[in-house]
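If you read the sequence from its start, that first residue is 1, and numbering goes on from there. As the structure is a computational prediction, the values presented were derived from the model and not from experiment.
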Amino acid sequence: MGHIIAVVGGKGGVGKSVFAANLAIAYQLNFKQRSLIIDLDFQSLGDQSIILGLNPPKNIVDLSKAQVSQWEPKALTPFMINAPQGFSFISAPREAAIARDIDLDGLGKFLKASTQIFPWVVVDCGNGTEPQALKALEQATLIFVITTPDVIVINQTRRILTKVQELLFPPDMVQIIVNRHSPTNVINPQMIQKNLGKNAFFALPEDAATCEGALSKSQPLTISYPSSAIARSYSDLVRRIDQMKLLDQLTKLNKPTGTAQKLQAIQGGGQTTAPAAGDGNGGQQARSRMAALDPWTSMKLRLHKSLIDVVDMKKMGADMNDPKQKEVLREKTQKAILDVLTKEDISALCPTREHRAQLVKEVLDEALGLGPLEDLLNDDTVTEIMVNARDQIYIEQGGRAGLAKTTFSSELQMMNVIERIVTPLGRRCDEKTPYVDARLQDGSRVHVIIPPLALRGPTITIRKFPKKRILASDLVKFGSMTQEISDFLRLCVEAKLNMLVSGGTGSGKTTLLNVLSNNIPTNERIITVEDAAELQLGQDHVVRLETRPKNIEGEGEVSIRDLIKCCLRMRPDRIVVGECRGGEALDMLQAMNTGHSGSLTTVHANNPRECLGRLETLVMMAGLGLPLKAIRETIASAVNLVIQQSRLSDGSRKVTHISEVIGIQGDTITIQDIFIYKQEGLDKNRKIIGRFVPTGFIPKFVEEMEAKGMKISRGLFAVK
């Protein structure tokens, strides 16, 4: 019996293909036995042919589709070149369209038979995550992962190791080869070991001149420069493998099967995620390191993979929007999990019924729900969920952030959860669109960003909205405002003042906008415009509009500006824009100035004065080249009130300023505070002590409100 050695590279340019070719030839030269080189790198498509200087008329795709009952040397002749130096070669196709036609079953049968013909079969597997490469990994005795002393390469190698581990390949089967090693390199093998969590099996020296010379001759360096230091290193490597009896030892390991199908099923049929870019500091600060999975997580992974074999998860996911179907599917899946559990020995891992129930629940959540996020979403005390990496989830409770006890099983499970969130909304998150804004069924806001933009793997941020709609009375109870200020703001909404809610990220702008919007009289027609629909208005006469991103062809985008223009033709009494963050600010101001009084929106800013300055900048982003004075005059005439919402150092959220935009004097917009929140110190629990105080200024619009029959006490504005 021979052995298959799979060669994988975490990033292009690490020398993986050169390594695979010279490894096979070094074996042939040292042990005088013919070796076989197979090119399964369908990203490069033909690199091995250049390295070896051979161009076979047929390739591995032709071989996979050949109707051969039993593979033997004679049957291989049409598909293989026997080089005069003593090795054989089967090439990859030269075109991607041909590569897609590979027969995986035929490939698997050939790979299994190849070890009966050759003592050593070296397979160039690309990044190791494509279906044809996974077929080779399943049949392999040994997997060599090639890395170099480079920050970005090490980071991506860690991701490859994680994927291999998630597919349950034995750790001893995977060995690290450090290519282009130099004693003077800042990143030494010890640092690589620390970052990858695994010892390097062998280091090949840096020898650029020899490698370039061999490529220029279209000959492997072990043939063209047999006396070079790097050629001798390849001989040392194959002799070390032989002396350790490494391949014989690894043959006894239990290897997974069906990895290509399982990987595709876990990802919902999508493509594998792109490798991440480097972190710029040798990767030493990265927390999401390659480490042995704990028994509980390993068991969940095994159960999930077994579940994929017996349940069509994609078909199940298609009916998840129907509550009744969802419950039926959950029951079927639970039964399937219990059936799988009967084949596993879990007595040590789950000694009690509670442990067993918890294991089943977690696998169910990952199969049909949002995995470890399910419990956090159901916890009313959690207001924000921040997934930094697979094994690091932070949550916000009571205004304070802390590390959650739960983690994801794998990045593949994270990608499955992300797809489950964005697909019902008609959105996508993949290599072409590596970030997306979305929402959950309860209205909670979701932002997702994945590699290559996110260096540590997929990142999810969820801003939860309470299941019970927050009212003005709740904000008073929370201490965000006083009852007097709440009544004043209600009158301002009823008086159809144009209002801006200003604040930083997470300060509660959207919550306050919701509360203000619910004061709009029920007989008025309200049209809301949002990036991701999250406003929760209690009125019936409401039309909700939501933007749409570009489709896969880069067409069909509908922006907030487009929707604001549309809603002006829909006879709105009130226009509520979730947030102005671009040129739509100009359209919003024009609407406020042309008979659509009482409009509401939010803007990111630190205080009311900066809010107006930011509004100027946003109007300029419309690209019409308006003079600054004209912009300021438009703002001064359109905006009546700016409400500043802030998140304080103790995590509490307060209305810190309510300011009136009075007008414009010269080139400056005049703004005057009506109420402010005055901080006076900290209590023994480090909570901020303060009070809401009027400034003594009586707004100009009070007289207009009184003329409309609204009763408002002038004493409300008196300094106390």
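- You'll find the side chain of Ile564 reaches within 4.5 Å of the side chain of Val577, heavy atoms only.
- One N or O on the side chain of Lys509 and one on the backbone of Gly504 form a donor-acceptor pair closer than 3.5 Å.
- Although no hydrogens or angles enter the test, the distance criterion places a donor-acceptor pair under 3.5 Å between the side chain of Glu584 and the main chain of Arg581.
- At distances below 3.5 Å, not a single donor-acceptor pair connects side-chain atoms of Gln193 with backbone N or O atoms of Met191.
- A side-chain N or O of Asp562 and one of Ser559 form a donor-acceptor pair less than 3.5 Å apart.
- Side chain of Asp474 to backbone of Ile470: no donor-acceptor contact under 3.5 angstrom is found.
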Go through the steps to decide whether Gln397 and Thr381 satisfy the test side-chain hydrogen bond (donor to acceptor under 3.5 Å, both in side chains), and finish with yes or no. CA-CA 6 Å; Gln397 290 177 296; Thr381 65; 2.8 Å; yes
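- Between the side chain of Ser64 and the backbone N or O of Asp103 there is at least one donor-acceptor pair closer than 3.5 Å.
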Side chain to side chain contact (heavy atoms under 4.5 Å, CB included) between His447 and Ile449: does it pass, once the steps are laid out? CA-CA 7 Å; His447 178 77; Ile449 186 165; 4.3 Å; yes
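- With respect to Arg400 and Asp650, no salt bridge is recorded, no charged nitrogen being found less than 4.0 Å from a carboxylate O.
- Between Leu440 and Ile462 the shortest side-chain heavy-atom distance falls below 4.5 Å.
- For the pair Leu111/Leu107, a side-chain contact is recorded, criterion being any heavy-atom separation below 4.5 Å from C-beta on.
- Not one N or O on the side chain of Asn155 forms a donor-acceptor pair closer than 3.5 Å with the backbone of Ile152.
- At a threshold of 4.0 Å, the pair Arg463-Glu396 does not count as salt-bridged, since none of the basic side-chain nitrogens sits closer than that to a carboxylate oxygen.
- Between Gln156 atom CD and Asn127 atom CG the span is 10.0 Å, to the nearest 0.5 Å.
- The residue from Asp437, Thr461, Thr510 that alone fulfils the side chain to side chain donor-acceptor pair (under 3.5 Å) condition with Arg445 is Thr510.
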Checking Leu137 against Phe169 for the side chain to side chain contact (heavy atoms under 4.5 Å, CB included) test, could you report, in this order, the C-alpha distance in whole Å, the side-chain angles of both residues, the deciding distance, and whether it holds? CA-CA 9 Å; Leu137 297 187; Phe169 285 97; 3.7 Å; yes
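- For the pair Thr459 and Val448, the minimum side-chain heavy-atom distance is 4.5 Å or more.
- Side chain of Ser517 to main chain of Leu513: a donor-acceptor pair is present (N/O by atom type, distance under 3.5 Å, no hydrogens or angles).
- In summary, the side chains of Thr547 and Asp531 do present a donor paired with an acceptor at a separation below 3.5 Å, with no hydrogens or angles considered.
- Using a cut-off of 4.0 Å between Lys/Arg side-chain N and Asp/Glu carboxylate O, Glu411 and Arg390 are scored as not salt-bridged.
- Salt bridge present: Lys16 and Asp124 bring a charged side-chain N and a carboxylate O closer than 4.0 Å.
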Should Leu453 and Ile450 be marked as a side chain to side chain contact (heavy atoms under 4.5 Å, CB included) after you check the CA-CA gap, both sets of side-chain angles, and the distance that decides it? CA-CA 6 Å; Leu453 303 187; Ile450 65 173; over 6 Å; no
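- By the 4.5 Å heavy-atom criterion applied to side chains, Asp41 and Cys125 are not counted as neighbours.
- A donor-acceptor pair under 3.5 Å links the side-chain atoms of Ser480 to the main chain of Arg653, judged by distance alone.
- Side-chain atoms of Thr157 and Val145, non-hydrogen and from C-beta on, do get closer than 4.5 Å to each other.
- With contacts defined as side-chain heavy-atom distances shorter than 4.5 Å, the pair Leu377/Leu370 qualifies.
- Residues Met414 and Ile460 form a side-chain contact, since some pair of their non-hydrogen atoms from C-beta on lies under 4.5 Å apart.
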Applying side chain to side chain contact (heavy atoms under 4.5 Å, CB included), run through Thr406 and Ile393 and close with a yes or a no. CA-CA 7 Å; Thr406 185; Ile393 302 176; 4.2 Å; yes
